[in-house]
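Residue numbering restarts at 1 for every chain, and letters A, B, ... go by the order of the sequence lines.
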2 protein chains.
Amino acid sequence: MHNMPQPHDHQHCIDDAMARARELCLRRQVKFTRIREQVLACVWANHQPVGAYTILEEIAKESDRRPAPPTVYRALDFLLDNGLVHRIASLNAFVGCKDPSHHHQGHFLICRQCRNVIELDADIINSAISTAATQYGFVVETPCVEVVGCCAGCRELSDNE
Amino acid sequence: MHNMPQPHDHQHCIDDAMARARELCLRRQVKFTRIREQVLACVWANHQPVGAYTILEEIAKESDRRPAPPTVYRALDFLLDNGLVHRIASLNAFVGCKDPSHHHQGHFLICRQCRNVIELDADIINSAISTAATQYGFVVETPCVEVVGCCAGCRELSDNE
DNA sequence: AATAAAATGTTATAATATTGCATTAGCGTG
DNA sequence: CACGCTAATGCAATATTATAACATTTTATT
């Protein structure tokens with residue numbers, strides 16, 4: 001279980017993520033209901049952030065029942081609360097969390113080109129932020145780091161042009 | 001000219017910001033029109049991020065003419081392009097830029113309590129991000145760092161409770 | 001004054017998100 | 001099992017943020 005992008009067996013990502021979610025909900029005694037499962041599956045369909053209304057459409061396609069926006073948002077809220085997905089503020093979109101077992105905000109590398117997101121949780125970034133913040137007497141609670149750039153795969157591709 | 005919050009003469013901030021803007025637009029040969037000036041003044045009214053529609057309302061109050069949303073957004077786009085304001089993605093809101101003379105994305109410390117924003121541009125953060133990103137072959141273009149926490153002033157206040 | 005470019009006005013609408021209330025499902029207790 | 005409680009979902013309406021498309025006005029320049 002890692003941060004992916006770079007060619008990989010994505011079905012494995014999905015299966016893993018769903019299994020982890022099921023297990024985690026069991027352990028926490030919270031309910032992994034159908035809609036929550038559908039939404040999570042949708043988020044994990046790939047490593048690109050997906051918007052709430054896209055999720056809604058996807059579910060409408062699959063299940064010939066169209067959930068209303070609040071239904072999707074509530075499922076997303078549940079998943080966010082349980083650390084199963086992250087929200088990318090700069091994109092108004094959601095990605096699966098690579099490690100829901102411990103709460104963390106995570107840092108996100110967003111490829112401008114393929115739009116894939118790599119999730120990190122780099123101590124070096126957190127401490128840099130804390131250090132800088134401390135100089136202003138500011139105590140960090142939740143850092144939000146969303147970095148747009150170009151991933152290895154895409155640079156390789158454009159190099160070969 | 002610095003990052004403020006902590007009690008300070010805010011009129012000075014405003015005057016400075018407006019003067020810098022005027023001068024910078026002159027130098028760049030771009031127009032600092034009335035609506036742009038109004039929007040910038042609104043953003044600088046305090047150190048809290050302000051939403052586009054709030055700006056719209058403020059201007060409606062002052063000038064008994066209500067600009068339409070695109071008018072405000074276009075002014076904001078101009079100000080963003082010229083580095084005179086920053087957009088805080090996680091809040092869908094805008095703050096004045098402390099140093100419009102050179103382009104930079106900036107890092108933001110957002111106080112959960114008073115909602116004031118301190119703008120930094122800390123090399124230590126940028127290099128931490130680059131270092132972490134490089135490990136995944138990711139090349140950073142525009143880092144976006146928005147940190148929620150508690151500022152010095154607010155901690156002092158709550159300590160005295 | 002004529003013209004072109006830039007800026008603004010105007011209307012409509014898209015995209016994202018939430019509120020409030022009705023209904024249903026799941027679960028524990030008597 | 002029936003009851004009642006709580007959590008979850010359904011549903012309608014609406015709030016909030018943002019943009020598209022096109023008309024008009026302003027400005028700078030000739």
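The residue from B:V50, B:I110, B:V148 that alone fulfils the side chain to side chain contact (heavy atoms under 4.5 Å, CB included) condition with B:L91 is B:I110.
The distance between atom CG of A:D77 and atom P of C:dT19, rounded to the nearest whole Å, is 10 Å. Between the CD1 atom of A:I35 and the P atom of D:dG10 there is a distance of 6 Å, given to the nearest Å. Taking atom CZ of residue A:F32 and atom P of nucleotide C:dG26, one finds them 16 Å apart after rounding to whole Å. Rounded to an integer number of Å, the gap from CG of B:N82 to C1' of C:dA7 is 14 Å. To the nearest angstrom, C1' of C:dG9 lies 7 Å from CZ of B:R74. Distance B:L76 CG to D:dA18 C1': 11 Å, rounded to the nearest Å. Whole-Å rounding puts the B:I55 CD1 to D:dT16 P distance at 16 Å. Put simply, CD1 on B:I59 is 11 Å from P on C:dT8, counting in whole angstrom units.
Shortest non-hydrogen contact noted between B:H47 and B:C13 is NE2-SG, 3.6 Å.
Note: A:H8 and A:H10 have perpendicular aromatic rings, judged against thresholds of 30 and 60 degrees for the angle between ring planes.
The side chain of B:P70 lies closest to D:dT19 when the candidates are D:dT9, D:dA12, D:dT19. Counting only heavy atoms from C-beta on, A:T33 has its side chain closest to D:dT9 among D:dT9, C:dT18, D:dC11. Taking only side-chain atoms of B:R87, from C-beta outward, the nucleotide of D:dA18, C:dT16, C:dT11 with the closest atom is D:dA18. Taking every side-chain heavy atom of B:K31 into account, C:dA7 is the closest of D:dA12, D:dT17, C:dA7.
The base of C:dG9 is not paired with the side chain of B:R65 by any donor and acceptor separated by under 3.5 Å. Counting atom types as modelled, A:Y53 pairs no side-chain N or O with a base atom of C:dA14 as donor and acceptor under 3.5 Å.
Taking for each of B:F94 and A:F78 the nucleotide of DNA chain D with the nearest heavy atom, the 5'-most of the two is the partner of A:F78.
Salt bridge annotation for A:R27-A:E23: present, with a cationic side-chain nitrogen under 4.0 angstrom from a carboxylate oxygen.
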Apply salt bridge (charged side-chain N to carboxylate O under 4.0 Å, His left out) to the pair A:E37 and A:R34, showing each step before the final yes or no. CA-CA 5 Å; A:E37 189 172 339; A:R34 175 145 178 63; over 6 Å; no
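Across all strands, A:R34 comes closer than 4.0 Å to no nucleic acid atom at all (heavy-atom distances).
The side chain of B:T71 places no N or O atom within less than 4.0 Å of a non-bridging phosphate oxygen (OP1 or OP2) of C:dT8. For the pair A:R66 and D:dG10, the criterion of a side-chain N or O lying under 4.0 Å from OP1 or OP2 is not met. Here A:N92 does not reach the OP1 or OP2 of D:dT17: none of its side-chain N or O atoms lies under 4.0 Å away.
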